[in-house]
Amino acid sequence: MAYKFDELINRKNTRSYKWDQVGPLFGSADILPLWVADMDFPSPPAVQEALKKRVDIGAYGYAIRTDEYADSIMSWFGRRHGWSLQREWISDSPSVVTTLSLAVEQFTAPGDKVVIQTPVYYPFYDVVRDNGRELALNPLQIRDGRFEMDLAHLESLFKDGAKMILLCNPHNPGGRVWSREELAALGELCLRYGVIVVSDEIHCDLVYPDYEYTPFASLSPELADKTITCLAATKTFNLPGLHTSFMVISNRDMKARLDKRIKTLSIHMSHHFAQEAVIAAYTESEDWLDELLVYVKGNLDYALDYLAQQLPQVKPMKPEGTYLLWVDCRSLGLDKQGLKQLMYEKAKVAFNEGSTFGTEGEGWLRINLACPRFVLEQALKQFCEAAKGIS
Ligand SMILES: Cc1ncc(COP(=O)(O)O)c(C=O)c1O
């Protein structure tokens with residue numbers, strides 16, 4: 001391997017949310033953090049070089065957006081995902097969650113129902129509730145050990161007047177990479193009931209072999225016309241602290257409305273550092289991503305094997321994408337407080353406690369696999385030993 005995924009960067013005392021919040025939040029600074037979804041790997045060398053050059057300018061003034069930036073996005077999605085984007089469909093947004101929230105605000109009215117498919121990344125709840133809209137839950141069903149959408153229930157929510165659905169494609173926390181057929185079936189319902197789709201596709205590049213990401217909006221021009229796709233290079237290349245993302249919207253009116261709102265909030269200016277990083281990621285770091293995916297797959301295989309050997313009563317859901325592992329720990333017989341105690345006090349590890357993703361997540365944990373293997377080994381060892389101590 002050309003890249004050093006086995007070396008741990010010391011992120012302690014770097015204002016790292018993942019590493020430096022474990023003390024304040026979980027009670028002890030020596031807890032191993034495998035929770036927040038960023039990676040412990042260095043970003044690609046080309047990205048680091050580009051950022052260093054930008055630092056060397058010494059003056060950190062207002063920046064403009066260049067064609068090269070949009071070109072790098074269009075070229076990436078064309079060659080990596082076979083999705084042909086037009087320049088005028090792309091706009092920047094400070095973060096994917098910002099886009100989710102603005103889309104809810106702009107395209108629904110107070111009191112409207114917005115569908116989310118639970119368990120799901122917790123800000124999906126916040127952007128609906130905090131905008132004064134109502135959540136319409138379509139819990140995912142577990143079939144053959146993986147999540148599937150309940151289309152019959154979804155249709156009942158649409159019939160009942162839901163105006164929008166927030167889709168997570170690939171899905172966090174279950175790691176489903178929705179198939180073309182599943183997305184087409186969902187799309188058919190959305191068209192039938194005139195439902196707007198806000199599709200969070202931030203995990204799109206993190207897909208395991210044998211699975212393929214399908215951009216929801218690529219299914220048909222009719223669906224694209226009802227869709228706001230939220231994307232970023234930040235999850236793929238470990239840049240989330242740069243706070244940069246983009247939206248793809250082919251519907252001119254919807255795009256104009258979001259652009260205007262972003263301008264009104266004065267969050268439209270280009271970040272001094274972000275563009276260089278995104279360009280270097282999309283144009284010079286594809287081999288890094290390919291190696292990363294091999295490494296993370298190795299971590300996944302290790303974790304699945306280790307848990308099967310050491311703690312067979314817990315059942316991981318085999319992910320098709322994302323670097324996250326969703327693990328059913330209900331057999332341990334612990335409530336959420338008990339699981340927290342087990343993690344933070346006994347095992348000294350921090351995975352995400354499942355109920356933060358919805359009530360269906362109670363008794364589940366989410367493990368972040370994007371760390372050097374030895375860190376994962378240590379965390380799983382500590383967790384399994386502590387869990388055996390209680391059962
Ligand atoms: C599904 C999903 N959407 C959005 C985000 C965060 O994106 P941003 O930092 O651009 O708001 C995450 C981060 O974990 C995520 O998993």
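We count ligands from 1, going down the list as the structure has it; atoms in each ligand are counted the same way.
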Look at the rings of Trp364 and Trp326 and say which category their plane angle falls in: under 30° parallel, 30 to 60° tilted, over 60° perpendicular. parallel

In terms of relative ring orientation, are Phe273 and Tyr60 parallel, tilted or perpendicular, with 30° and 60° separating the classes?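 Judged by the thresholds at 30° and 60°, the geometry between Phe273 and Tyr60 is tilted.
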
Would you please write out the protein residues whose heavy atoms approach any atom of ligand 1 to under 4.0 angstrom, listed by chain and number? Ala37, Ser95, Val96, Val97, Tyr121, Cys168, Asn172, Asp200, Ile202, His203, Lys235

Give every residue pair that meets the side chain to side chain donor-acceptor pair (under 3.5 Å) criterion with at least one member in residues 329-347, sequence neighbours excluded.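 The answer is Asp328-Arg330.
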
Within 6.0 angstrom of Arg252 CZ, more than 12 heavy atoms from elsewhere: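 No, CZ of Arg252 has 12 or fewer neighbouring heavy atoms, counting only those of other groups under 6.0 Å.
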
Tell me whether the count of non-hydrogen atoms from other residues, nucleotides or ligands lying under 6.0 Å of CZ in Arg15 goes above 12. no

Give the minimum heavy-atom separation between Ile64 and Gln275, together with the two atoms involved. O-NE2, 2.6 Å

